[in-house]
Amino acid sequence: MTTPTNATLPTVNARIHPRGGLDILSRAEVAKLADATAGGMHDLLRRCALAVLTSGSQSDDPRAAQELYPDFDIQVHQLDRGVRIDLRNAPAMAFVDGEIIRGVAELLAATVRDLAYRAIELGEEGGRDLDTSEGITDAVFGLLRNARVLHPSDPNLVVCWGGHSINRDEYMYTKEVGYQLGLRELDICTGCGPGAMKGPMKGATIAHAKQRRRRGRYIGVTEPGIIAAESPNPIVNHLVIMPDIEKRLEAFVRIGHGIVVFPGGVGTAEEILYLLGILLREENADVPFPLILTGPTASAPYFEQIDRFIRLTLGDAATERYQIITGDPAAVAKRMAAGVRKVRDHRLAQRDSFFFNWSINIPLEFQQPFVPSHEAMAALDLHHGRKPHELAADLRRAFSGIVAGNVKEDGMRRIEAHGPFLIHGDTDMMQSLDALLRAFVEQRRMKIAGEYRPCYRVVA
């Protein structure tokens with residue numbers, strides 16, 4: 001039952017009895033969950049839940065929703081048969097005729113599930129080993145299994161990366177690529193937000209309907225610092241909130257059978273460098289992993305600049321791990337489908353699972369959380385002469401820091417308190433980096449709306 005309340009914006013009070021993973025818990029598990037959500041993680045739960053309840057929002061300011069709904073609160077209560085979620089002063093946009101939208105309710109349950117699992121299983125008493133590469137990978141597996149996104153079916157999951165702030169032509173192109181992927185019965189995984197994360201899912205839903213594929217998977221993988229700025233788009237039917245950006249990136253690589261990259265900003269550049277840094281390791285030389293960079297014909301200069309930056313920093317060998325296709329969605333889908341078939345053959349030969357890529361080697365330097373303080377950003381070693389995968393790791397951290405300064409609340413506070421991050425390195429590398437970042441600003445890839453004030457300064 002819901003009751004309207006008096007607030008600046010329409011709000012609703014509601015009681016929700018979530019299903020699908022939260023309705024089959026033991027009494028002990030429910031008690032732990034309630035304790036976790038009532039303790040130090042309550043504010044985190046509140047922020048993530050508010051992001052879900054404002055699903056479809058076009059803002060990328062993590063503080064906007066909190067300012068619009070300052071009296072919103074969420075409480076998780078223990079019941080013998082599971083849990084009850086109480087919402088107070090929740091955004092009315094999440095309800096229809098007094099009832100919460102079913103998809104929003106599912107995403108809300110997923111939020112409670114993932115944050116509770118993090119607190120219970122990855123907390124001090126959880127016993128998880130988060131100091132070794134193997135332990136972190138095991139934790140990633142546990143999070144994904146608990147979220148019920150690991151399915152022992154033939155490989156068919158394509159991860160789509162790209163910016164939340166893209167122009168209309170680029171958005172329509174992502175939708176067409178998603179449509180072509182869906183016609184080939186490929187499922188979609190993205191970062192769950194708007195823009196290039198929404199388009200492929202939307203296109204795939206139409207194609208899946210034509211192919212009478214009734215159980216299409218539209219997986220959104222995010223993390224607490226991002227979800228508040230990039231609310232889940234309405235197409236997402238499996239939401240996973242990983243503890244940090246590093247585990248989020250590993251999740252993409254472990255569950256995806258190929259990756260399509262659309263135009264984007266610093267977050268997209270971070271993702272590309274993360275994956276290339278892994279694929280450039282000798283241990284992964286023979287691991288098939290289709291990677292296609294694509295956009296409309298007008299976006300060709302964007303990819304040319306990305307390609308030049310990669311050649312300068314990581315070398316020509318890095319460019320052999322991806323293809324660039326512009327203006328041809330059908331060709332992208334055909335290449336990706338062929339690449340996924342090779343992945344299937346390789347997994348069979350290696351006796352690796354279809355649903356989780358155990359065989360790819362992800363070193364600890366790519367898994368350890370990077371906290372982008374001013375000191376850490378200034379200390380990044382961005383110089384020639386390093387092994388390509390090691391340089392890729394630090395370049396990835398540089399872009400990750402800029403993402404934090406742009407859209408993550410903690411990063412934004414650091415910038416407000418201490419000014420922009422300083423990024424140092426070899427002159428040619430810094431000149432190329434500065435040119436790339438300036439292009440992102442000019443093309444309005446940093447923020448959805450408003451004037452962008454750089455949170456960084458590149459120093460040659």
Side-chain angles (χ1 to χ4, degrees), residues 1-5 7-23 37 45-60 62 64-66 68-69 71-77 82-116 147-149 164 175 178 187-195 197-206 208-209 214-222 224 226-241:
M1 180 176 178
T2 62
T3 306
T5 62
T8 304
L9 290 177
T11 61
V12 168
N13 293 338
R15 286 184 173 179
I16 300 169
H17 299 274
R19 305 186 65 81
L22 289 177
D23 56 344
T37 53
L45 172 63
R46 179 182 174 278
R47 286 187 281 117
C48 291
L50 188 55
V52 165
L53 292 166
T54 53
S55 177
S57 169
Q58 293 303 304
S59 172
D60 58 357
Q66 298 175 61
L68 290 172
Y69 301 97
D71 298 324
F72 167 72
D73 195 22
I74 177 172
Q75 298 290 338
V76 179
H77 298 281
V83 300
R84 185 186 79 215
I85 300 175
D86 287 356
L87 302 177
R88 190 181 73 200
N89 298 320
M93 63 185 292
F95 296 80
V96 174
D97 296 336
E99 297 293 329
I100 191 167
I101 297 170
R102 186 175 301 174
V104 175
E106 290 177 356
L107 298 183
L108 186 64
T111 299
V112 174
R113 175 202 68 208
D114 290 347
L115 296 186
R148 301 183 178 184
V149 296
H164 68 294
K175 188 176 175 181
D187 288 335
I188 306 296
C189 173
T190 77
C192 97
M197 292 166 276
K198 177 183 177 182
M201 290 183 169
K202 198 166 185 179
T205 58
I206 299 170
H208 287 164
R214 293 180 172 82
R215 294 187 178 181
R217 291 186 296 159
Y218 313 106
I219 302 173
V221 182
T222 185
I226 290 291
I227 190 173
E230 297 177 1
S231 295
N233 72 68
I235 313 298
V236 173
N237 62 7
H238 296 281
L239 176 66
V240 188
I241 303 178

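Note that the structure is a prediction, hence the values are computed from the model and not measured. The residues of the chain are indexed from 1 along the displayed sequence.
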Minimum heavy-atom separation for [X] and [Y], please, with both atom names.
X      : Y      : result
Met93  : Leu53  : CG-O, 3.7 Å
Thr222 : Cys192 : CB-SG, 4.0 Å
Arg113 : Val240 : NH2-CA, 4.3 Å
Ile85  : Pro18  : CD1-CG, 3.9 Å
Met201 : Ile235 : CB-CG2, 3.6 Å
Ser55  : Pro234 : OG-N, 3.9 Å

Roughly how far apart are [X] [atom1] and [Y] [atom2], rounded to 0.5 Å?
X      : Y      : atom1 : atom2 : value
His17  : His77  : NE2   : NE2   : 10.5 Å
Asn233 : Thr190 : CG    : OG1   : 6.0 Å
Ile219 : Asn237 : CD1   : CG    : 8.0 Å
Lys198 : Ile188 : NZ    : CD1   : 15.5 Å
Leu50  : Thr111 : CG    : OG1   : 11.0 Å
His238 : Arg148 : NE2   : CZ    : 10.5 Å

Should [X] and [Y] count as side-chain neighbours, where that means a heavy-atom distance under 4.5 Å?
X      : Y      : answer
Asp187 : His208 : yes
His164 : Met197 : yes
Ile206 : Lys175 : yes
Val83  : Val112 : no
Ile100 : Phe95  : yes

Checklist entry - Is the backbone of Phe72 close enough, under 3.5 Å, to the side chain of Arg46 for a donor and an acceptor to pair up by distance? => result yes
Next on the checklist: Is it the case that the side chain of Asn89 and the backbone of Thr11 share a donor-acceptor pair, with hydrogens and angles ignored and the cut-off at 3.5 Å?
Outcome noted: no
Next on the checklist: Going by side-chain contact (heavy atoms from CB on, under 4.5 Å), Pro91 matches just one of Val52, Thr54, Val12. Which one?
Outcome noted: Thr54
Checklist entry - In this structure, which one of Leu107, Asp114, Ile226 forms a side-chain contact (heavy atoms from CB on, under 4.5 Å) with Ile241? => result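 In the set Leu107, Asp114, Ile226, the residue that makes a side-chain contact (heavy atoms from CB on, under 4.5 Å) with Ile241 is Asp114.
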